[in-house]
Student: 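Pasting a structure here, questions to come.
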There are 2 protein chains.
Amino acid sequence: MTQEQYSKYSFLLDRTARKVKQYAQQQFKSGDFDVTVDQWLVLKNLSENDLLSQTELANLVFKDHPTLTRIIDLLCKKGYVERVPHPQDRRSFQLHLTETGVSKVSSLRPEILQIREKAWENLSPHDFEEFKRILNTIYQNLNGESLGQ
Amino acid sequence: MTQEQYSKYSFLLDRTARKVKQYAQQQFKSGDFDVTVDQWLVLKNLSENDLLSQTELANLVFKDHPTLTRIIDLLCKKGYVERVPHPQDRRSFQLHLTETGVSKVSSLRPEILQIREKAWENLSPHDFEEFKRILNTIYQNLNGESLGQ
DNA sequence: TACCAATAGTTAGTGTGACAAATATATAAA
DNA sequence: TTTATATATTTGTCACACTAACTATTGGTA
């Protein structure tokens, strides 16, 4: 296999990742979910781990701090999340899902699982495992120092 | 396999696609390439197909028209691309690499192939074929009407 | 105590992505 | 020929990614 051929993965990877996000976003919109795909990722992680700091959450969802700041801003504005001052450290916040946030997550979760399945038509469970393995290997190959999981 | 497990691919896919772009962009920067990753994709396609219209190019690189307009704007500002009025159709342009653009492409091409290879350490040619197959299947599953290649 | 490096978070700037709407021109239909 | 429709590109808006620079606070150490 030549170098030339190897270089195409980056194009296909980018194209497919965008399509997956775009497809989900369209479904989110037609279902009036009132959140974006990335906002959902944040909400979902907050529902599974209460009282995270922004830094802890950023490490969970693999987003950088400025991006997370803005997503949290939007989620606060929508009333799904609150920034609670950290009792010991005045630099940081504990992130907390509001009542509205909790019920938003539980009402959207099943619908979103459904949407996510569509991508796997014509593919096997073995394909799924291989896909995850390859994605993780690529990630680690490029992740220099931190070798993050 | 439960629905829950299936939903993780979208996170891994997005994370890996971002890492691939970020890694390449860092290398581009440390090598003073003077283009972004997406600008490179456009330049490369123009070097292989001269005198495309913006619509034709948009279909090649799978970017939407407004995005492409802005990338072309930047490449024109940098002097790598020219918009030549279409001789028959006054609505459209033929895109043309300048001298500078041509030499930029040929000087960067080998360096970029090198950068792209890094992702494939610890992976086999068979992995590569499976990866492409799965990416393309997912893309087509979500691509509703147009069934684009 | 006073200094200093590290940490938490924000702000600003640039580039990109998706979508809707606007403009200009071309082409087909009445 | 006039009208309607389709096409090529641009503009505007919002969201996200990444970098760099900045503020505030913490904790260690001289």
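The structure displayed is predicted, hence computed values, not measured ones. Letters A, B, ... are given to chains in the order of the sequence lines, protein chains preceding strands, and every chain is numbered from 1.
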Student: What pairs of donor and acceptor atoms, side-chain ones from residues 41-48 of chain B against any protein atom, are under 3.5 angstrom apart with sequence neighbours left out?
Tutor:
from	atom 1	to	atom 2	distance (Å)
Asn45(B)	ND2	Leu41(B)	O	2.9
Ser47(B)	OG	Lys44(B)	O	2.8
Ser47(B)	OG	Arg109(B)	NH2	3.4

Student: With a 4.0 Å cutoff (strictly under), does any side-chain N or O of Lys63(A) reach OP1 or OP2 of dA17(D)?
Tutor: yes
Student: Rounded to whole angstrom units, what separation is found between the CD atom of Gln26(B) and the C1' atom of dA20(D)?
Tutor: 14 Å
Student: How many Å lie between CG on Leu52(A) and C1' on dG9(C), as a whole number?
Tutor: 15 Å
Student: Verify, without hydrogens or angle tests, whether Asp127(A) (side chain) and Ser124(A) (backbone) share a donor-acceptor contact under 3.5 angstrom.
Tutor: yes
Student: What's the closest nucleotide to the Ile71(B) side chain, out of dA20(C), dT11(C), dT16(C)?
Tutor: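 Closest nucleotide to the Ile71(B) side chain: dT16(C).
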Student: Please report, rounded to the nearest Å, how far the P atom of dT27(C) is from the NE2 atom of His86(B).
Tutor: 10 Å
Student: Please check if the side chain of Thr69(A) supplies one atom and the backbone of His65(A) the other of a donor-acceptor pair under 3.5 Å.
Tutor: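 A pair under 3.5 Å: yes.
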Student: Is the closest basic N to carboxylate O distance between Lys77(B) and Asp73(B) below 4.0 Å?
Tutor: no
Student: Verify whether one side chain among Ser92(B) and Asp89(B) offers a donor that lies under 3.5 Å from an acceptor in the other.
Tutor: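 Absent: no donor and acceptor within the cut-off.
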Student: dA17(D) P sits how many Å from Leu74(A) CG, rounded?
Tutor: 12 Å
Student: Answer with base, sugar-phosphate or nothing: what part of the nucleic acid does Thr36(A) contact at a heavy-atom distance below 4.0 Å?
Tutor: sugar-phosphate
Student: If only side-chain N and O atoms of Lys78(A) are considered, is one of them under 4.0 Å from the OP1 or OP2 phosphate oxygen of dA15(D)?
Tutor: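 Lys78(A) to dA15(D) OP1/OP2: no side-chain N or O under 4.0 Å.
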Student: Base, sugar-phosphate, or nothing for Gln39(B), non-hydrogen atoms under 4.0 angstrom?
Tutor: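 Counting heavy atoms under 4.0 Å across all strands, the contact made by Gln39(B) is with sugar-phosphate only.
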Student: Can you give me the N/O atom pairs linking the protein to nucleotides 6-9 of chain D at distances under 3.5 Å, or say none if there are none?
Tutor:
from	atom 1	to	atom 2	distance (Å)
dT7(D)	O2	Arg91(B)	NH1	2.6
dT9(D)	OP1	Gln54(B)	N	3.3
dT9(D)	OP1	Phe93(B)	N	3.1
dT9(D)	OP2	Gln54(B)	N	3.3
dT9(D)	OP2	Thr55(B)	N	2.7
dT9(D)	OP2	Thr55(B)	OG1	2.8

Student: Check every strand shown and say whether Gln25(B) touches a base, only sugar-phosphate, or nothing at a heavy-atom separation below 4.0 Å.
Tutor: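 No contact.
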Student: When you check the side-chain N and O atoms of Tyr23(B) and Asn143(A), is any donor under 3.5 Å from an acceptor?
Tutor: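 Short answer, no.
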Student: Roughly, in whole Å, what's the span from CG in Asp64(B) to P in dA21(C)?
Tutor: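 Asp64(B) atom CG is separated from dA21(C) atom P by 15 Å.
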Student: Ignoring backbone atoms, establish whether Arg90(A) has a side-chain N or O less than 4.0 Å from OP1 or OP2 of dA24(D).
Tutor: no
Student: Is Gln22(A) near enough to dC19(C) that one of its side-chain N or O atoms lies under 4.0 angstrom from OP1 or OP2?
Tutor: yes
Student: Rounded to the Å, how far apart are Asp38(B) CG and dG15(C) P?
Tutor: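 One finds 12 Å between P of dG15(C) and CG of Asp38(B), rounded.
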Student: Nearest-Å distance, CZ (Arg70(B)) to P (dA18(C))?
Tutor: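 Going from Arg70(B) (CZ) to dA18(C) (P), I get 12 Å.
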Student: When the distance from CG of Asp34(A) to P of dA15(D) is rounded to whole Å, what number comes out?
Tutor: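 In whole Å, dA15(D) P lies 11 Å from Asp34(A) CG.
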Student: Check side chain to side chain contact (heavy atoms under 4.5 Å, CB included) between Thr36(A) and all other residues, then give those that pass, not counting sequence neighbours.
Tutor: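 Result, side chain to side chain contact (heavy atoms under 4.5 Å, CB included) vs Thr36(A): Gln25(A), Asp38(A), Gln39(A).
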